[in-house]
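Heads up, the thing below is written out as structure tokens.
Sequence positions, counted from 1, serve as the residue numbers for this chain. Values reported hereafter were calculated over all heavy atoms of this structure, with side chains retained and with hydrogens, waters and symmetry mates removed.
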Amino acid sequence: MTDLHDGAGPSPASANGTVRHGLGSVIRRVWLVPIVIIAWELGTRQAESPFFPPPSRILVHMHELWFSGPASALYLTEEASANFLPSIGRLFSGWALACILGIVLGIALGRSRTLFDYVNPIFEFARAIPPPALIPLFIIIFKIGTPMQLATIVYTVIWPILINTIDGARYLDSLHSETAQVFRLSRAQRFFRIILPAAAPKIFAGMRVSLSMAVILMVVSELVGALNGIGYLIQAKQQTLDLAGMWGGMVLLGLLGYVLNGTFLFVERHVLSWHRQARQTN
């Protein structure tokens, strides 16, 4: 039989194999999700407890409350726009500020053993304090509002970034350092070509952990004196006995965390593709 494939691209069999492999990979990752949802639905309907509504009712209520708006507003209702957007803005602002501070301080401390020895006891003391315990202090310093909420997020999420950056910047391959000396690279060239790439895998690991923590602290900071936000919304639904709305807020947080983590992993795979290739080569 004549092969109609001209060799200009992947064969149909190869393409079909790739599609099947990708579909199988997706199924292996999510097969447990529908089972959990079905068990949740059946269990809550069997219990008939007003405190545990079934997921079908939660999803319908979420649509009515937050996702039945006009197309011009991306189908968000007024309540959704007034609470979701401020929360997401605080989440990314606090996380971005923590990333900048954590990376800058981490590289400085990682490259200077003397400086690290001076500040390490202070860092260990500050890191041991539970963030919720500092909310009254942040209220006194920043007053109730967005600055207090940002301070709560930054104080908590900076530690994974800072610690991972210190470790990544401290332990450099001796061959890379010797090469930089031989070629007489400037400080800026050493930073961007050697130090930062060497520390990047550790930095991204810290950023990923801190992003999940930022979602948690976003909610915690909105439970005290806030006038909007997802955390405020969950608390308001609980106080008005809108339990389906309260559960809907928690489901929304879970979906938000899942999407953020998946997006971050996608970016990380592309940015650090050289790192994976180097490990496979070695």
Under 4.5 Å between side-chain heavy atoms, counting indirect links through other Ile/Leu/Val/Met/Phe/Trp/Tyr residues: same cluster for [X] and [Y] or not?
| X | Y | answer |
| --- | --- | --- |
| L211 | L217 | yes |
| M250 | M218 | yes |
| M213 | L150 | no |
| I153 | M148 | yes |
| I230 | L85 | no |

Interatomic spacing from OG in S87 to CG in N228 - rounded to 0.5 Å: 7.0 Å

Rounded distance (nearest 0.5 Å) linking atom CD1 of I166 with atom CG of L109: 4.5 Å

Could you pull out all donor-acceptor pairs under 3.5 Å where a side-chain atom in residues 48-59 meets a protein atom, sequence neighbours excluded?
unit_1	atom_1	unit_2	atom_2	d
S49	OG	F51	N	3.3
S56	OG	E41	OE1	3.3
S56	OG	E41	OE2	2.8
S56	OG	R45	NH2	3.1

Pairs where residues 154-166 contributes a residue and the test salt bridge (charged side-chain N to carboxylate O under 4.0 Å, His left out) is met, not counting sequence neighbours: none

L137: side-chain contact (heavy atoms from CB on, under 4.5 Å) partners, not counting sequence neighbours: L134, I141

Partner set under side-chain contact (heavy atoms from CB on, under 4.5 Å) for S112, not counting sequence neighbours: T114, L115

A82 to P86 - nearest heavy-atom pair and separation: O-CG, 3.3 Å

Closest approach of A169 to I195 (non-hydrogen atoms, all atoms of both residues): CB-CG2, 4.4 Å

Pairs touching [range] that satisfy side chain to side chain donor-acceptor pair (under 3.5 Å), sequence neighbours left out:
| range | answer |
| --- | --- |
| residues 149-167 | R90-Q149 |
| residues 73-82 | W66-E79, E79-K237 |
| residues 238-248 | H61-D242 |
| residues 121-148 | E124-R127 |

Which side-chain N or O atoms in residues 252-267 pair as donor and acceptor under 3.5 Å with protein atoms at least two apart or in another chain?
unit_1	atom_1	unit_2	atom_2	d
N261	OD1	R208	NE	3.0
T263	OG1	V259	O	2.8

Any side-chain heavy-atom pair of R170 and R113 under 4.5 Å: yes

Contact check, side chains of I135 and S221, non-hydrogen atoms, under 4.5 Å: no

ring-ring contact (aromatic ring centres under 6.0 Å, His included) contacts in which one or both residues fall within residues 214-246, not counting sequence neighbours: none

Give the table of side-chain donor-acceptor pairs shorter than 3.5 Å for residues 91-107, with sequence neighbours excluded, one pair per line with atom names and distance.
unit_1	atom_1	unit_2	atom_2	d
S93	OG	G89	O	2.7
W95	NE1	M207	O	3.3
W95	NE1	S210	OG	2.9

Hydrophobic cluster partners of I38 (side-chain heavy atoms under 4.5 Å): L42

